[in-house]
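The next block holds one structure in the form of structure tokens; read it before the comments.
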Amino acid sequence: MAQTEPVSLDDELFREIILDHYRHPRHRGLLDPADMASHGHNPLCGDEVDLSLRVRGGQVEGVGFEGQGCSISMASTSMMSEEIQGKSLEQAHELIGRFRAMLLEGQDPSSLAGIGDLEALSGVRRYASRVKCAMLPWTTLEAGLKQLEGGHEPAGD
Amino acid sequence: MSALALDAERVRLDFPILAERVNGHRLVYLDSAASSQKPEVVIEAVSDYYRHANANVHRGVHALGERATELFESARTAVAGLVSADPRGVVFVRNTTEGINLVAQAFARERLGPADRIVCSEMEHHSNLVPWQRVRDQTGCQLAYIPVTPAGELDLEAAEALLRPPTRLLSVAHVSNVLGTINPVRELVRMAHREGITVCVDGAQAVPHMPVDLGELDADFYAFSGHKMCGPTGIGVLVGRPQLLEEMPPFLTGGSMISVVTLERTTWDEIPHKFEAGTPDIGGAAGLRAAVSYLESTGMEAVQGHGAALSDYAIEALSEVPGLTRYGPSGANQLGILSFNLSGVHPHDVGTVLDRYGVAVRAGHHCCQPLMRRLGVAATARASLYLYNTREDVDTLLEAIGEVRRIFSD
């Protein structure tokens, strides 16, 4: 069946790097104690992400997550965790912005500096019903950072 | 009788949308439990109404007003005939959800208090669960659930224990939208009525697929949706025991449902009009009438026979897929709703790959989060069959599942 497809699903959506992160997630396991804890939930499909961050001097020193969901949401979480490890909070915010630009605004990933392996998720934008899967960890991170920077206690339910 | 009681290849031609190509493939529509496709005769009936009969009902003395009223009321008679009900008890609503909310608010909320109990089951669609939670919160009554067995059936012993005082109302699905289980509603109604318990049935997944005789079933309220039975969206049916409907206050108030209105007070119209405030979905009723006539000319026995034979065929094929777990019963107790998971693959990924091959299935919690918890899963993929599905459709589903396994194999 696959031969009849102009672009196969494997090339466009389920790229090997995505499946690899899905099967072998990086940074799995929540950090305790953590400076930031954030819970994200997609009520339409039931996907869930819990994200924990340790922050020292404005740098992300540690990232850990737990979650359940589809290959896209879990791979996106794993890849995001890898990318933000060691970055400054400012860089993390920039990355959230670039990822959003790639997925929601249709920007060419090659024009987005520092997008790295996350480019593999750019195929998701052609599947409207799956964009929210890829966005889940990023909106969860953004909400968590907002709380952290607002000086609130770590949240998480 | 042949193995398949109707010629699905010919039936398929009655449904224009099934000629659509999806992602370069023949459309294989296996999501009829969410919403069925519509035959040409239904599409035409809706269109004909707007072209030749459009006017408001129960008002005008002009020709179109009379045509519209006649069409609307003949739809009521047709629906009553399909399910063997008294037309005076057939109330047009938007969908099953609205029908159940009508019973919840105009019956249960009016009559129940803190000393009473409502019983549902763990397999209910949110539409037959959330309205009762609301009544519980409004009246202070209790709410209890009949458990689901590992085989995906209602635990009838537990049901019998629950169908006693202080239970005053049972509301249960005729057929599960996730498991395909046909529940023994006749038996449950007998148990309930012995104790004076009123019974409401969510018939959304039953009426489209099997003969339903409400005279024989003897439920007090029975709700279903037009769009799952080849009819348009926006019209559904609540059948109520006329005597109960007469005793009940209206659900919604306003135009159409009145007898005499003064500035001080209003008296209600006769049933069923008392429950049909405002201009109804007349075009929807015209479409539903055509859908009923389409199903009747095909024969509900044949529809059920086809569903059962195709369901057996699909269940056997699915049972041979390595790593596939199916949820729900087999055989005579199964109405062609096949929920499954593939090990190591999330159902949304299954759905996306299948769609790529033109196969439409539902993936998710199917508006049944408590049942998902009971099954110990977050979600499932669900293939649901209807009269226009063929063995070829099932074969394509199986091929596409093979693709899912290939993509996600380690």
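Excluded from the calculations below are hydrogen atoms, water molecules and symmetry mates; all remaining heavy atoms, backbone and side chain alike, are included. Throughout, protein chains are lettered first and strands after them, A, B, ... in sequence-line order, and every chain is numbered starting at 1.
- More than 12 heavy-atom neighbours from other residues, nucleotides or ligands sit within 6.0 angstrom of CZ on A/Arg26.
- Residues of residues 62-71 of chain A having a heavy atom under 4.5 Å from any heavy atom of chain B, listed by number: A/Gln68, A/Gly69, A/Cys70, A/Ser71.
- Chain A is approached within less than 4.5 Å, heavy atom to heavy atom, by B/Gly344, B/Val345, B/His346, B/His348, B/Asp349, B/Thr352 from residues 342-352 of chain B, ordered by number.
- The number of heavy-atom neighbours closer than 6.0 Å to CD of B/Glu316, taken from other residues, nucleotides and ligands shown, is 12 or below.
- Within 6.0 Å of CD on A/Glu105 lie more than 12 heavy atoms contributed by other residues, nucleotides or ligands.
- Against chain B, the residues from residues 14-21 of chain A that qualify, each with a non-hydrogen atom under 4.5 angstrom away, are A/Phe14, A/Leu19 in number order.
- When the side chain to side chain contact (heavy atoms under 4.5 Å, CB included) test is applied to B/His126, the partners found at least two apart in sequence or on another chain are B/Val130, B/His365, B/Cys367, B/Gln369, B/Pro370.
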